[in-house]
Engineer: 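Okay, here's the structure, questions in a sec.
Reminder, nothing fancy here: chain letters follow the sequence lines and each chain counts from 1.
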Amino acid sequence: MVYDSQKIETHWQARWNAEKVNHTDIDESREKFYCLEMFPYPSGYMHMGHVRNYSIGDAMARFQRLMGKNVLYPMGYDSFGMPAENAAKKEGGHPHTVTERNIAMIRTDQERMGYSYDWRRMFATSTPEYYHWNQEMFLKFREAGLVERRFAPVNWCDDCDTVLANEQVKNNRCWRCGLEVIQKDMAQWFLCMTKYADELLDELDHIDFPENVKSMQRNWIGRSNGAHIDFQVSNSDLVIGAFTTRPDTIFGVTFVTLSPEHPLCEELVSGTEYEKGWRDLRDECSRMSEFERINLLKEKKGTPLGRSVINPLTGLEIPIWVGNFVVASYGTGAVMGVPGHDQRDYDFAKKYGLEIKQVLSREEGGIANEENPVFDGLGWMVNSANSKFDGLFGNEAKAAVIAALESDKKGKGTVQYRLKDWLLSRQRFWGTPIPMLHCESCGVVPVPYDDLPVELPLDVTFSWDESGNPLAGHDDFLSTNCPQCNGPAHRETDTMDTFYDSSWYFMRFADSTNKEEPFNRNKVDYWLKGGVDLYIGGIEHAVMHLLYARFFTKATRDLGMNEIGEPFGRLVCQGMLNAPAPFCSECNTEYHVDNFGGTCPNCQADLGSRSAKMSKSLGNTVSPGEMVDRYGADTVRLFILFGANPEAGMDWSDNAVISNHKQLCSIIDAFDYGIKLADSPGPLDSWLLARLRLNQRHWRDSMDSVSLREGVMVSHFQMLSDWQWYLRRGGSDRATARRFLTGWAPMLAPATPHIAEEFWSLLGIGSKSSETMLATHEMEFELEDDNDLEVLSLEAYLREVIESARNLRSLAERHSEGSISKLVIQTSPSWKIKLAREAVRLESEGFDFKQQGQEYLKSLELFENEKLRGEIFQTWMTMTTGSKKKRGRIHTWNPGEKQLLISGFDENEVINSASHFIASVLDVDSVVSYSVGDGDDIGGKARVAFPLEPGIAFI
RNA sequence: GCAGGGGUACCCGAGCUGGUCAAAGGGGCCGGACUUAAGCUCCGGUGCAUAGUGCUUCAUGGGUUCGAAUCCCAUCCCCUGCACCA
């Protein structure tokens, strides 16, 4: 068979399509499997990262179909967002046009790869058919009290001309364009995600996510238990609330520090000599970029406010300061200073000469001394103003302080989160319009359900000259009437964050053509029971998308729309795809591939090469289309899956791609040859079929646990090398080959489906209708035979003997004068075999060789032989207890070898019947094997002959 | 600083519920066969020693054990996330 990948692949893609083999619907009689890849943004052609993502998903979807599961495997497009707007500006068109074109491009690429999506379910989020339901759910959330419109300082990106959610700000820079964000006060729409903070956090303990993802989400939610403590300002009604995780240190508070932006500051200092100091510090902080402010090396700075507060438990007055290290947005923006037990407070107190008080002891009943670095662990309370606290430890101490505060109404135990509500509104065009109106008399009013969807106008022209949101200047869109008073009103022009779209798309896939509601509850409950069974995507969404989607699922559950709770069962984060890039080891910098072979632009050193993440900026990308044209989709898929397990990073290598292509060619040769064999049963037939059964089990286990690399290793490598061994050993039977190939073809399907389907039809099994195609085939596994162990072990024994002989051959050459022409093998004498059987039998009965072994040996008739007695003893010990260095053979023989020993197989027979083969493999003229004593002791090897380890001599 | 994940032979990478581990598989490199010829295909080798058993190896140093790549402790280094978070 000539391997024309283009022809084979397009042929089968057309057939699968025509026979609708990938369509799935609810089938309660079968176990379901929902396989999903993270929603792609259609930015044009598919890139290698996509290829990796989908090749993993498709392999798993196909595998699960072979296992008889009812597989939901959909694809769609997350098509709202900025890039389409920018592209439209560039071209002077509409984002809608750009988006439709890009979707067509990526879909063509995906189809060419042979991914087995149920395309009937495909949708794009930028269509009114989808975002209609975004809007409806928004209104439902609002009715449930989950939507708020608040005036709040928000993160603003000037380049993107919009606000950003907290999650979308990385190192104070926009996650999309990298520009530094600034703070702006604006009225914005929020989704109250914090109401679900506890559930989002606690459920992580029960989800099958990778640890690093869980860890990132825990960090992000950032729950800390502690106390809110009210400090009354002296001679005033004002109260400063502070959050602390260490209420047990309350008696060590010697000052209170406010953030420079704290609203009370101005009131406290205005008109006093301290006002200037505060204003200077505040202005300095606001001028500073966030990057400078979080710089650890930066010095702590503060200024007193000239006022004091009262410690609620001691009644003592302590000064109020302002500190540049206090973050306004965390907790209350005020911190109680405990320099005795907090390093940061200690440094601050030292610098400004504030009092330092130790109130915790390292030992029970001990005392507390000033230490630097400070003691910030849990300890026993000492020096409390109220001695009833002294001696309390850790959590007990915290609880006692909280109880005292609560009874005095001066504070309470509380929980603080780092997680903020989800800032939903964006001042952009290409997103879901927020379905709200602003009425002059009624205020903010929701659009009635019947008037949904609020559609984006298509008669808008984009250009770089226009800044801001085109909706704000579009009168047809803007002006409307208030549904309550029928007076004039204008529409909300903010649109939704696109993460909203991807927060429920996995539920829409269960029912993507529903025109009455977002999705039918029964369908979602069927497909999403236990969550998406396998979700594959990048680690970059660990916090944002995965957290939003989890929140959404819980919120819709509480609206009665489903019963799921957690959207994703098993999550797999695929590793990076790397390719070589020029690298300067001096500057530790990678450069564009154009610099290959040149010198470092910075230091002029010769550039080396290093693997780096594929990126446009380095130019080290590889075009999937080009690779598919050259080698075919199956080769690209095989390379991707065999290159590394899904979670691991992998390096692109042209050589490896070529060698994978060769591997496919070899597999084709195997099928071509195997299919043409004539009836010729032989001794190797049972071995080949036993290997098939063993390989199938390994393969199934590996695939089942998404260890695709191991799976492919069995299906595309081990199976071939077993087949080749069969042929080398003279196997050549039609019926055996057919059974083997029939069992093999389905194993090839997950990674290389086209070639597998081709084989299936070559075998004459498939291709006639959808029922007989491999794509819909449910795999049957041959039961493992009781004899398999022995059959496999016999051949393994032969390979072991050949292996040992091969190793000895080169040594033997050095010691022999002429050239080597003959191999003489002496197998162990029968008494050694008897001992071995005896040892194996006893071992299986749990016999204690250390205690009773020698005595038992002496009881044997064999031991009467005085001439052999020494050797018998030594052999027995080697078999049973072993030496200091090496354990007894009864512990190192594997089950198969033990089986061989017990079965009483004849080593000489095995070797002699394969003598021609052994001779050819070892390049000798003849091979002869006999038991020690039945022939000459060549080379004195009788001595080393041991059961399963014959003496080997070359002459 | 906190948290998560790592450090295995020339490279990538498995193993890591302790013994069958000088350590799978692939790449690279070396050798052989085939061929007119190969960058094709097949076979073999790839820590050192060696007519087999021996020695030294799985970041470093200790420990547990009859026995450690695997378990425990400490140290060093790398990657990722969070971070003057109270």
Engineer: Is it possible for you to check whether A/Arg799 lies under 6.0 Å from the centre of the six-membered ring of A/Trp725, through NZ or CZ, and within 45° of that ring's axis?
Structural biologist: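 Pair A/Arg799/A/Trp725 counts as cation-pi.
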
Engineer: For the P atoms, the ones on B/rG7 and on B/rC58, what distance do you get once it is rounded to whole angstrom?
Structural biologist: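 Each nucleotide's P atom is 13 Å from the other's.
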
Engineer: Between A/His228 and A/Phe243, does the ring centre distance come in under 6.0 Å?
Structural biologist: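 No, the ring of A/His228 stays outside the 6.0 Å limit from the ring of A/Phe243, centre to centre.
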
Engineer: Ignoring backbone atoms, establish whether A/Lys941 has a side-chain N or O less than 4.0 Å from OP1 or OP2 of B/rA51.
Structural biologist: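 Checking B/rA51 against A/Lys941, no side-chain N or O comes under 4.0 Å of OP1 or OP2.
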
Engineer: Between residues 334-352 of chain A and RNA chain B, which residues have a heavy-atom gap below 4.0 Å?
Structural biologist: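 Here the set is A/Val335, A/Arg344.
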
Engineer: Without decimals, in angstroms, what is the distance between A/Met216 CE and B/rA83 P?
Structural biologist: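 Rounded to the whole Å, the gap is 13 Å.
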
Engineer: Just by distance, no angles: are the side chains of A/Glu284 and A/Asn324 close enough, under 3.5 Å, to form a donor-acceptor pair?
Structural biologist: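 Not at all, the side chains of A/Glu284 and A/Asn324 share no donor-acceptor pair under 3.5 Å.
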
Engineer: Round to a whole Å and report the spacing from CZ of A/Phe917 to C1' of B/rG44.
Structural biologist: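 Those two atoms, CZ and C1', are 13 Å apart.
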
Engineer: Let me confirm one number: the OG-CE distance from A/Ser721 to A/Met713, rounded to the nearest 0.5 Å.
Structural biologist: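 One gets 11.0 Å once the value is rounded to the nearest 0.5 Å.
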
Engineer: So which one's nearest nucleotide on RNA chain B is more toward 5', A/Thr245 or A/Arg806?
Structural biologist: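 Counting from the 5' end, the first nearest nucleotide belongs to A/Arg806.
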
Engineer: Measure from CD on A/Glu540 to P on B/rU80 and round the result to the nearest Å.
Structural biologist: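 Taking CD of A/Glu540 and P of B/rU80, I get 14 Å after rounding.
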
Engineer: Take atom C1' in B/rC73 and the same atom in B/rC85, then report the distance between them in whole Å.
Structural biologist: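 B/rC73 and B/rC85 have their C1' atoms separated by 32 Å.
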
Engineer: For a quick check of understanding: with a heavy-atom distance under 4.0 Å over all strands, which category does A/Glu803 fall into, base, sugar-phosphate or nothing?
Structural biologist: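 Sugar-phosphate contact only.
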
Engineer: Students often get this wrong, so: under 4.0 angstrom with heavy atoms, is A/Arg809 touching a base, only sugar-phosphate, or nothing?
Structural biologist: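 Since no nucleic acid heavy atom lies under 4.0 Å of A/Arg809, the category is nothing.
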
Engineer: For B/rA59 versus B/rA68, give the span between their P atoms, rounded off to a whole number of Å.
Structural biologist: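 It comes out at 15 Å once rounded to the nearest Å.
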
Engineer: Is a donor on one side and an acceptor on the other found under 3.5 Å between the side chain of A/Gln217 and the backbone of A/Lys214?
Structural biologist: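 No; judged by distance alone, with no hydrogens or angles, the pair does not exist.
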
Engineer: Between B/rG67 and B/rA14, how many Å separate the two C1' atoms, rounded to a whole number?
Structural biologist: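 Here B/rG67 and B/rA14 have their C1' atoms 23 Å from each other.
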
Engineer: By ring-ring contact (aromatic ring centres under 6.0 Å, His included), which residues pair with A/Trp321, not counting sequence neighbours?
Structural biologist: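 A/Trp321 satisfies ring-ring contact (aromatic ring centres under 6.0 Å, His included) with A/Phe348, A/Tyr352 only.
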
Engineer: Roughly how far apart, to the nearest Å, are B/rA9 and B/rG15 at atom P?
Structural biologist: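 These two P atoms come out 16 Å apart once rounded.
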
Engineer: Does A/Arg418 have a side-chain nitrogen or oxygen under 4.0 Å from the phosphate oxygens OP1 or OP2 of B/rA83?
Structural biologist: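 So the side-chain polar atoms of A/Arg418 do come within 4.0 Å of the phosphate oxygens OP1 or OP2 of B/rA83, strictly under.
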
Engineer: Using whole Å, what does the distance between atom C1' of nucleotide B/rA3 and atom CG of A/Leu201 come to?
Structural biologist: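 So the two atoms are 13 Å apart, to the nearest Å.
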
Engineer: Can you tell me how far C1' of B/rG45 sits from CG of A/Leu922, to the nearest Å?
Structural biologist: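 Those two atoms, CG and C1', are 14 Å apart.
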
Engineer: Between B/rG45 and B/rA22, how far is it from one C1' atom to the other, in whole Å?
Structural biologist: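 The answer is 15 Å between these two C1' atoms.
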
Engineer: Can you tell me if the side-chain N/O atoms of A/Ser666 get under 4.0 Å from OP1 or OP2 in B/rC42?
Structural biologist: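 Answer is yes, contact under 4.0 Å.
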
Engineer: Answer whether the closest heavy-atom distance between the side chains of A/Ile539 and A/Asn212 falls below 4.5 Å.
Structural biologist: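 Touching, per the 4.5 Å side-chain cut-off.
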
Engineer: Looking only at the side chain of A/Arg728 (C-beta and beyond, no hydrogens), which of the listed nucleotides B/rG44, B/rC85, B/rU41 gets closest?
Structural biologist: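 The answer is B/rG44, which lies nearest to the side chain.
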
Engineer: Could you tell me whether A/Glu949 and A/Lys832 have a side-chain N and a carboxylate O separated by less than 4.0 Å?
Structural biologist: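 Result for this pair is no, no salt bridge flagged.
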
Engineer: Under 3.5 Å, side chain of A/Lys822 to main-chain N/O of A/Val927, donor-acceptor pair present?
Structural biologist: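 A pair under 3.5 Å: no.
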
Engineer: Please encode protein proximity along nucleotides 24-30 of chain B as a string of B, S and -, counting only heavy-atom distances under 4.0 Å.
Structural biologist: BBSS---

Engineer: Treating a pair as Watson-Crick (purine N1 to pyrimidine N3 plus N6-O4 or O6-N4) or G-U wobble (N1-O2 and O6-N3) with both distances under 3.5 Å, list the stems of 3 or more consecutive pairs that involve RNA chain B.
Structural biologist: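 The stems that RNA chain B takes part in, listed by first number, are B:1-7 with B:76-82, B:10-12 with B:25-27, B:28-33 with B:41-46, B:59-63 with B:71-75.
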
Engineer: Which residues pass the ring-ring contact (aromatic ring centres under 6.0 Å, His included) test with A/His541, not counting sequence neighbours?
Structural biologist: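 Checked A/His541 against ring-ring contact (aromatic ring centres under 6.0 Å, His included); matches are A/His545.
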
Engineer: Are there over 12 heavy-atom neighbours, none belonging to A/Asp704, within less than 6.0 Å of that residue's CG?
Structural biologist: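 It does: A/Asp704 CG has more than 12 such atoms within range.
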
Engineer: Calculate the interatomic distance between A/Asn219 atom CG and B/rG5 atom C1'; express it in whole Å.
Structural biologist: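 The answer, rounded to whole Å, is 14 Å.
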
Engineer: Can you see whether A/Phe325 has A/Arg344 sitting over its ring - NZ or CZ less than 6.0 Å from the centre and within 45° of the normal?
Structural biologist: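 Checked: cation-pi criterion not met.
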
Engineer: Mind calculating the distance between CZ (A/Phe325) and C1' (B/rC85) to the nearest angstrom?
Structural biologist: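 Going from CZ in A/Phe325 over to C1' in B/rC85 covers 12 Å.
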
Engineer: Go through B/rU41, B/rA51, B/rG5 for me and flag the one nearest to the A/Glu211 side chain.
Structural biologist: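 Side chain of A/Glu211 sits closest to B/rG5.
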
Engineer: Under the 3.5 angstrom rule, does the side chain of A/Lys898 hit a backbone N or O of A/Ile890 as a donor-acceptor pair?
Structural biologist: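 Yes, because the side chain of A/Lys898 sits within donor-acceptor range (under 3.5 Å) of the backbone of A/Ile890.
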
Engineer: Would you say A/Leu798 and A/Arg729 make side-chain contact, with heavy atoms under 4.5 Å?
Structural biologist: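 Answer yes - side chains close enough.
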
Engineer: Mark yes or no: A/Arg889 above the aromatic ring of A/Phe946, with NZ or CZ under 6.0 Å from the six-membered ring centre and no more than 45 degrees from the axis.
Structural biologist: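 Judged by the rule (NZ or CZ under 6.0 Å from the ring centre, within 45° of its axis), A/Arg889 counts as positioned above A/Phe946.
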
Engineer: With rounding to the closest Å, how many angstrom separate the P atoms on B/rU64 and B/rA49?
Structural biologist: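 35 Å, rounded to whole Å.
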
Engineer: Do you know the tightest heavy-atom contact between A/Arg218 and A/Asp205?
Structural biologist: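 So the two residues come closest at NH2-OD1, 3.1 Å.
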
Engineer: Rounded to the nearest Å, what distance is computed from the CD atom of residue A/Gln663 to the P atom of nucleotide B/rU41?
Structural biologist: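 Atom CD in A/Gln663 sits about 10 Å away from atom P in B/rU41.
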
Engineer: With the threshold set at under 4.0 Å for non-hydrogen atoms, list the residues of residues 943-955 of chain A touching RNA chain B in residue-number order.
Structural biologist: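 Of all residues in residues 943-955 of chain A, the ones placing a heavy atom under 4.0 Å from RNA chain B are A/Val944, A/Pro950, A/Gly951, A/Ile952, A/Ala953, A/Phe954.
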
Engineer: Write down the distance separating the P atoms in B/rG28 and B/rG39, rounded off to the nearest Å.
Structural biologist: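 One P to the other, the span is 12 Å.
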
Engineer: Under 4.0 angstrom, heavy atoms only, what part of the nucleic acid is A/Asn212 near: base, sugar-phosphate, or nothing?
Structural biologist: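 Sugar-phosphate, backbone atoms only, no base.
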
